[in-house]
Amino acid sequence: MRKPLAALAMLASASLILAACAMPADDPNFTSNTGVGGDPAANAAAQEAGSAALEGGLAAPTSIGIDVPLAAAPKPGALIISFTDGSDFEAVMQTAMAAGAEKLGWTVESVTVNPADPTAVATAFDEAVAKKPAGIHLRGEFYDSVAVGLPAAEAAGIPVVCTGCAGEPSGGITDTSIDGTAQNNAWGDSLAAYVVSSQYEGEGAGVLIFTAPGSAVNDFNNEFDTALLAECRECSTTQSMLDPAAIDLADPAAVTGFVASEMSTSMGAWALLDSGAYSSGVAEALATDPTLLSPVVVTGLGASAADIAALAALASDAAPAASSDPAAAGARTPEQAAALQAWIGISLPVMGWRVIDQFARILGGDALADGPVPSQLLTGANAAEAVLDDNGNYVGIADYATQFAALWGVK
C-alpha cells in the first residue's frame with residue numbers, strides 16, 4: 001500500500017511540473033498547439049474517454065455496489081472499533097455504521113482522534129487492538145500513524161478495513177476496496193471531463209487543487225491531473241496543501257481565508273477541494289472576495305449537505321455554462337462561475353453499511369465485495385433530483401438499508 005504523505009509530496013511535485021508544461025491560455029509564455037502532444041488521434045481518444053466518464057458520472061446510481069448474499073446470517077455480539085476525526089462530515093458515516101451494526105446485533109465504538117497527532121493515533125490504535133474487537137475500521141488519513149501497530153492487529157487475528165486507502169491491502173490491512181484507488185480514479189476522470197466541457201472558448205482552465213493528507217484521495221488528485229491534461233493541452237493544475245498542522249480544518253474561517261489567499265495569487269479560475277469536510281463557506285467567500293483576479297468556479301470531491309443544498313438552489317438556466325464569443329474569453333461573470341459549481345456526491349450512509357457488510361463477509365469466511373459505492377457528479381442541473389437523507393446528505397439509493405438486510409438474511 002502506498003504511503004499517503006509521501007505520495008502527496010510526489011503528486012504536488014508532479015502537478016507543478018505538469019503546470020509548467022501546460023500554462024493557461026492567457027499566460028504570455030503560452031504557445032498554442034493542437035491536441036494532446038500534437039497527435040489528433042490521441043486527442044480524439046482522450047476526448048471520447050472524457051465524454052464517457054462525464055456521462056457516467058452524471059448518471060444517478062442504481063446499485064448499492066453489492067448483490068451477493070452472505071452464506072449465513074452473521075452471529076450477533078461483534079464489536080467493531082472505528083476511527084474518526086470527529087468532524088460532522090465523518091459523523092455521517094459513523095452514524096450509518098452504527099445503524100448497520102445494530103441490524104446485525106453488533107456494536108460500533110467510535111474513537112475520535114486528531115489525525116494530525118501521529119502519537120495520539122498510534123496510541124489509540126494500540127488501545128483498540130488490546131480490546132480484541134471483531135474488527136477495526138480506519139480512514140486513509142490515519143494509515144501512516146497506525147502502520148507500526150498493524151502487525152499486532154494481524155497477529156491477534158483482528159481484520160482491519162480501511163476506507164479511502166490507496167493500493168492493494170498489505171501490512172496488516174485486510175481490505176482497501178471501499179472508496180479505494182479504482183473509484184477515486186473514476187471520480188477524477190469524471191470531474192476532469194466536467195471542467196474541460198465547461199470551459200469558455202479559449203480559456204485553458206487553470207485548476208488549483210486544495211488537498212489535505214489522505215491516501216486514496218491522492219489517486220483522485222493524480223487522475224484528475226492526468227485526465228485534464230490529456231483532454232486539454234492548454235489546461236494546468238497545481239496543488240496547495242491544507243496542512244492540519246498549520247490550519248485548523250475544523251475552523252471554516254481559517255480554511256476559507258487560506259483558500260481565498262491562495263486563489264488571489266493563482267492564475268487559475270477553478271478551485272477543487274478534495275473533501276467536503278472542509279468546504280463550509282468556501283464558495284460564498286470566494287464569490288465576494290475582491291482580491292481575486294477573476295470569478296472562481298468551486299468544485300470538489302465528497303459533497304457535504306451544505307454543498308448539495310447550494311447546488312440545488314442554482315437554477316440550471318441561471319447563466320450560460322460557457323461563452324461562445326471569442327471576444328469574451330477571460331470574461332466569465334460571477335453568476336456564470338456560480339452556475340458552474342459541481343461536486344461529486346459520495347454516499348457516506350451506504351459506505352458505512354458497506355463497511356459493516358465487509359466485516360460480515362470477512363468474519364463469515366465469504367468472499368469480499370469490491371463494487372463501487374453509490375456516487376454522482378452533482379451540478380445545478382441535477383442536484384435537486386438527487387436522493388438525499390433527512391439531513392440533506394447524499395444517499396443515492398433510497399432503500400439501501402432494506403437491500404442490505406436482505407443480503408444479510410436479517411429482518
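Values reported hereafter were calculated over all heavy atoms of this structure, with side chains retained and with hydrogens, waters and symmetry mates removed.
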What residue pairs, at least two apart or across chains, pass side-chain hydrogen bond (donor to acceptor under 3.5 Å, both in side chains) with a residue in residues 98-107? none

For a side-chain contact (heavy atoms from CB on, under 4.5 Å) check, start with the C-alpha distance between Leu208 and Trp270, then their side-chain angles and the critical distance, and finish with the verdict. CA-CA 6 Å; Leu208 181 52; Trp270 292 77; over 6 Å; no

Got a second to check how far Ser240's OG is from Ile209's CD1, nearest 0.5 Å? 10.5 Å

Quick check for you: to the nearest 0.5 Å, what is the distance between Phe210 atom CZ and Asn221 atom CG? 12.0 Å

Taking Thr402's backbone N and O only, do any of them form a donor-acceptor pair with Asp399's side chain (distance below 3.5 Å, no angle check)? no

Under 3.5 Å: donor-acceptor pair, side chain of Glu203, backbone of Tyr200: yes

Test Asn114 against Asp85 for side chain to side chain donor-acceptor pair (under 3.5 Å), laying out the working first. CA-CA 5 Å; Asn114 183 359; Asp85 64 9; over 6 Å; no

For Ala205 and Val195, the nearest pair of non-hydrogen atoms, with its separation, is CB-CG1, 4.0 Å

Working to the nearest 0.5 angstrom, can you tell me the gap between Ser190 OG and Leu377 CG? 5.5 Å

Would you find a donor on one side and an acceptor on the other, under 3.5 Å apart, between the side chain of Gln358 and the backbone of Ala369? yes

Heavy atoms of other groups near Asp88 CG, more than 12 under 6.0 Å: no

Pairs where residues 175-200 contributes a residue and the test salt bridge (Lys or Arg N to Asp or Glu O under 4.0 Å) is met, not counting sequence neighbours: Arg139-Asp179

With rounding to the nearest 0.5 Å, note down the distance linking OH in Tyr400 to OG in Ser347. 7.0 Å

Tell me, with the steps shown, if Asp307 and Ser304 meet side chain to side chain donor-acceptor pair (under 3.5 Å). CA-CA 5 Å; Asp307 297 322; Ser304 68; 2.8 Å; yes

Set of salt bridge (Lys or Arg N to Asp or Glu O under 4.0 Å) partners for Glu262, sequence neighbours left out: none

Might you work through the side-chain contact (heavy atoms from CB on, under 4.5 Å) test for Leu229 and Arg233, ending with a clear yes or no? CA-CA 6 Å; Leu229 300 181; Arg233 182 68 173 177; over 6 Å; no

Atom pair CE/CG of Met263 and Leu293 - distance to nearest 0.5 Å: 9.0 Å

Quick check: does any side chain N or O of Thr176 sit under 3.5 Å from a backbone N or O of Gly167, one acting as donor and the other as acceptor? yes

Verdict with reasoning, Ile308 to Tyr394, per side-chain contact (heavy atoms from CB on, under 4.5 Å): CA-CA 8 Å; Ile308 298 171; Tyr394 183 77; 3.6 Å; yes

Trace of the side chain to side chain donor-acceptor pair (under 3.5 Å) decision for Ser375 with Trp187: CA-CA 9 Å; Ser375 63; Trp187 291 329; 2.9 Å; yes

Is the side chain of Thr288 donor-acceptor paired with the backbone N or O of Glu284 at a distance under 3.5 Å, no angle test? yes

Please step through side-chain contact (heavy atoms from CB on, under 4.5 Å) for the pair Phe224 and Val207, ending with a clear verdict. CA-CA 10 Å; Phe224 179 89; Val207 184; 3.9 Å; yes

Can you classify the ring geometry of Phe83 versus Phe125 as parallel (below 30°), tilted (30 to 60°) or perpendicular (above 60°)? tilted

So does Asp251 have more than 12 non-hydrogen atoms from other groups sitting under 6.0 Å from CG? yes

Exam field: side chain Thr174 to backbone Pro169, donor-acceptor pair closer than 3.5 Å: no

Tell me, which pairs form a side-chain hydrogen bond (donor to acceptor under 3.5 Å, both in side chains) where one or both residues lie in residues 68-84, sequence neighbours left out? Ser82-Gln94, Ser82-His137, Thr84-Glu90

Quick one: does any side-chain atom of Glu55 pair with a main-chain N or O of Ala52 as donor and acceptor, under 3.5 Å? no

When you measure from the side chain of Asp67 to the backbone of Leu407, do you find a donor-acceptor pair of N or O atoms at a distance under 3.5 Å? no

Residues at least two apart in sequence or cross-chain that pass ring-ring contact (aromatic ring centres under 6.0 Å, His included) with Phe404, listed by chain then number, are Trp353, Trp408

Working to the nearest 0.5 angstrom, can you tell me the gap between Ser110 OG and Met93 CE? 10.0 Å

Can you tell me if Gln183 uses its side chain to pair, donor with acceptor, with the backbone of Val373 under 3.5 Å? yes

Close side-chain approach of Ser63 and Ile397, heavy atoms under 4.5 Å: no

Which heavy atom of Ser264 sits nearest to which heavy atom of Thr291, and what is that distance? CB-OG1, 3.4 Å

Expected output: side-chain Asn382 to main-chain Thr379 donor-acceptor under 3.5 Å: yes

Distance-only criterion, 3.5 Å: show the donor-acceptor pairs between side-chain atoms of residues 253-261 and protein atoms not counting sequence neighbours.
unit_1: Thr256; atom_1: OG1; unit_2: Pro252; atom_2: O; d: 2.9
unit_1: Thr256; atom_1: OG1; unit_2: Ala253; atom_2: O; d: 3.1

